[in-house]
Amino acid sequence: MSESINIAAQSASFFTGFKLNDLWYLAGAAGHTLMIAALAISIGTVFGVFFGWVLSVSRWAGAATLGLVLDMFRSVPLIIQLILFFNFFPIIGLPLNPFAAGTIVLVFYTAALVASVARGGIESVPVTTRKAARSLGLTYWQELFYITFPIGCRSALPAWTGVALGVLKDSALVSVLGYVELLRASQILITRTQQPFIILAIAGAFYFALSFPIARITERLERRWQS
Amino acid sequence: MIEINNVSKSFGSLEVLKGIDLKVEKGEVLSVIGASGSGKSTLLYCINALEPIQGGEIRVDGIDVHGAKTDVNKLRRHIGMVFQQWNSFPHMTTLENVALAPRIVLGKTKAEAREIAARQLDHVGLGDKLDTYPTNMSGGQQQRLAIARALAMEPDYMLFDEVTSALDPELVGEVLDTLKMLSEEGMTMILVTHEIPFARDVSDRVAFFRQGVIEEIGPPSQVIGDPTSEHTKQFLSNVR
Ligand SMILES: Nc1ncnc2c1ncn2[C@@H]1O[C@H](COP(=O)(O)OP(=O)(O)OP(=O)(O)O)[C@@H](O)[C@H]1O
Ligand SMILES: [Mg+2]
């Protein structure tokens, strides 16, 4: 008897615990995840391609230093970087909100990952192909933009997709700074409703919905480039 | 005219060209033969400034190729080059491969560039392959594509670096036929090749390279038919 009352109470808290409003709340948080990931991936890719190009051309000390810095961004766990930088910015007189700090760290993290992907793509283009282009009178930059980048892009695309999907998921770590993105929003709802299963399932579905287009679009590009 | 005066070239401590003297007149076909590693490719790379030199000078139509003030991109418009590996641009169709340089280097309109490209591709027998991607073509076809791509810049000189060496034997003929056609049209050519009978057939002169120097140079009937140098004789008997 007392057991059935207990179950009834639980299911009551299930329905009153998670409301339709909460779904909108999660959707809004998914929008924040999308925003921070989209910024990190797009800006990080631009920087990463530039860094990858620097690494591929130069043997000077600056490039070696850059390589070392990028290695650090790649190897130190993102959560440590986030906390370090979030606490470091105010020290240099630049107090940033969690969103700005998280975005900046994610941008550099993405750039570091993309740099090695981009470098690999550039170096996958045969030297003689590049010389053949130069022999036609193309300048260094024309050759780079019309020949090396497009060819390198094709070979680097699968690895870049991996980076982009990884950054989307890793953006969850920005929640440690207090920025309310998808993971943080889920935690808040779980605390209130005590219904982790359904909320995490919904959050997972949102992550999947965000990743799916990236995976599909690049897959389609790859297939088109293969023909 | 291509004038090569006492040119030396090293890769690090390895001296690859040791004082080369050579003149190639307008309209002439010069074949360069010689053992692997004798510096034949390197000389071609130096002629259009794809490699720097350490001594001497190279002049093309009077322009000092390695001069500090020389605009090499402009110079290279006059010197076409085709490599052993055909180096197609895999992300472009055959037509786009050929139209690219006329459009972005010579500043032709898209329509003009496509017309030039179509004409050159037709010239080398690829008129029916305009929209094909290079990866779907044979090595011989890709090598003819590379020739058309160089010709689209209307160069005054053409440099060919063993353009048949990477081809399957049955595809060599079609590329040699294209070279022969160019020589008959009066193109000035330097032709690095291992196809001795072909060199004998098309060349005005033949140069035999050995360890970075020109061991022997003269008309094919002499250098190939009746060589004076022991080394030339030995090389020819090895390749036959
Ligand atoms: N980029 C380079 N760096 C260092 N050494 C090089 C480079 N290119 C060529 N060499 C060396 O220079 C020498 C001459 O090379 P080259 O390619 O000119 O010879 P080749 O006569 O064309 O030979 P092959 O018939 O094999 O093409 C070789 O010993 C080669 O190893
Ligand atoms: Mg060679």
Side-chain angles (χ1 to χ4, degrees), chain A residues 45-46 48-49 52-53 56-61 63 114 117-161 217-227, chain B residues 41 44-45 47-51 71-93 96-107 131-136 142-143 145-155 157-163 166:
Chain A
T45 296
V46 171
V49 168
W53 167 74
S56 77
V57 281
S58 45
R59 275 142 197 68
W60 49 284
V114 170
V117 169
R119 180 201 190 146
I122 290 169
E123 287 176 353
S124 76
V125 182
V127 178
T128 54
T129 301
R130 304 187 65 173
K131 285 200 169 180
R134 295 302 305 278
S135 80
L136 293 168
L138 272 70
T139 64
Y140 179 84
W141 298 108
Q142 287 174 331
E143 185 281 313
L144 201 62
F145 285 106
Y146 288 97
I147 308 297
T148 297
F149 277 173
I151 298 176
C153 230
R154 283 159 166 70
S155 68
L157 185 70
W160 179 87
T161 308
I217 289 168
T218 53
E219 198 177 287
R220 202 170 289 176
L221 269 179
E222 249 172 86
R223 219 175 307 138
R224 198 170 80 198
W225 286 343
Q226 259 160 22
S227 62
Chain B
S41 302
L44 295 192
Y45 283 125
I47 291 174
N48 69 359
L50 287 171
E51 284 287 350
D71 180 350
V72 291
N73 298 316
K74 213 163 165 186
L75 176 85
R76 288 185 187 131
R77 298 178 193 175
H78 304 283
I79 309 170
M81 182 156 180
V82 183
F83 300 73
Q84 181 172 346
Q85 282 303 330
W86 30 88
N87 298 316
S88 314
F89 306 142
H91 57 305
M92 299 178 179
T93 63
E96 290 163 349
N97 260 268
V98 184
L100 178 73
R103 190 159 61 79
I104 67 172
V105 176
L106 298 181
D131 296 322
T132 308
Y133 280 89
T135 38
N136 298 327
Q142 290 194 58
Q143 196 56 291
L145 162 61
I147 294 171
R149 198 169 64 186
L151 289 175
M153 296 297 287
E154 301 188 338
Y157 305 93
M158 285 289 288
L159 313 175
F160 294 95
D161 189 8
E162 293 189 37
V163 292

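All chains are named by letter (A, B, ...) in the order of the sequence lines, taking the proteins before the strands, and each is independently numbered beginning at 1. Just so we're clear, the structure is a prediction, and the values are computed from it rather than from any experiment.
Interface remark: of the candidates B:Ala101, B:Pro155, B:Pro102, B:Ser88, B:Ala101 forms the most heavy-atom pairs closer than 4.5 Å to chain A.
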Under 3.5 Å donor-acceptor pairs involving side-chain atoms of residues 74-81 of chain B, not counting sequence neighbours:
unit_1, atom_1, unit_2, atom_2, d
B:Arg76, NE, B:Asn48, O, 2.8
B:Arg76, NH2, B:Ala49, O, 2.9
B:His78, ND1, B:Asp156, OD2, 3.2

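The CE atom of B:Met153 sits 9.5 Å away from atom OG of A:Ser135, with the distance rounded to the nearest 0.5 Å. Residue A:Arg134 holds its CZ atom at 5.0 Å from CG of B:Asn73, rounded to the nearest 0.5 Å.
Contacts of B:Leu100 with chain A are made by side-chain atoms alone, with heavy-atom separations under 4.5 Å and no backbone atom involved.
Contact annotation for residues 140-150 of chain A against chain B (heavy-atom separation below 4.5 Å, listed by residue number): A:Gln142, A:Tyr146, A:Ile147, A:Pro150.
Side-chain contact between B:Val105 and A:Leu136 is absent, with no heavy atoms from C-beta onward closer than 4.5 Å.
Contacts of B:Glu51 classified as side chain to side chain contact (heavy atoms under 4.5 Å, CB included), with partners at least two apart in sequence or in another chain: A:Lys131, B:Lys9, B:Phe11, B:Tyr45, B:Cys46. B:Ala150 pairs by the side chain to side chain contact (heavy atoms under 4.5 Å, CB included) definition with B:Val82, B:Met158, not counting sequence neighbours.
Of all heavy-atom pairs spanning B:Pro90 and A:Ile151, the tightest one is CD-CD1, 3.5 Å.
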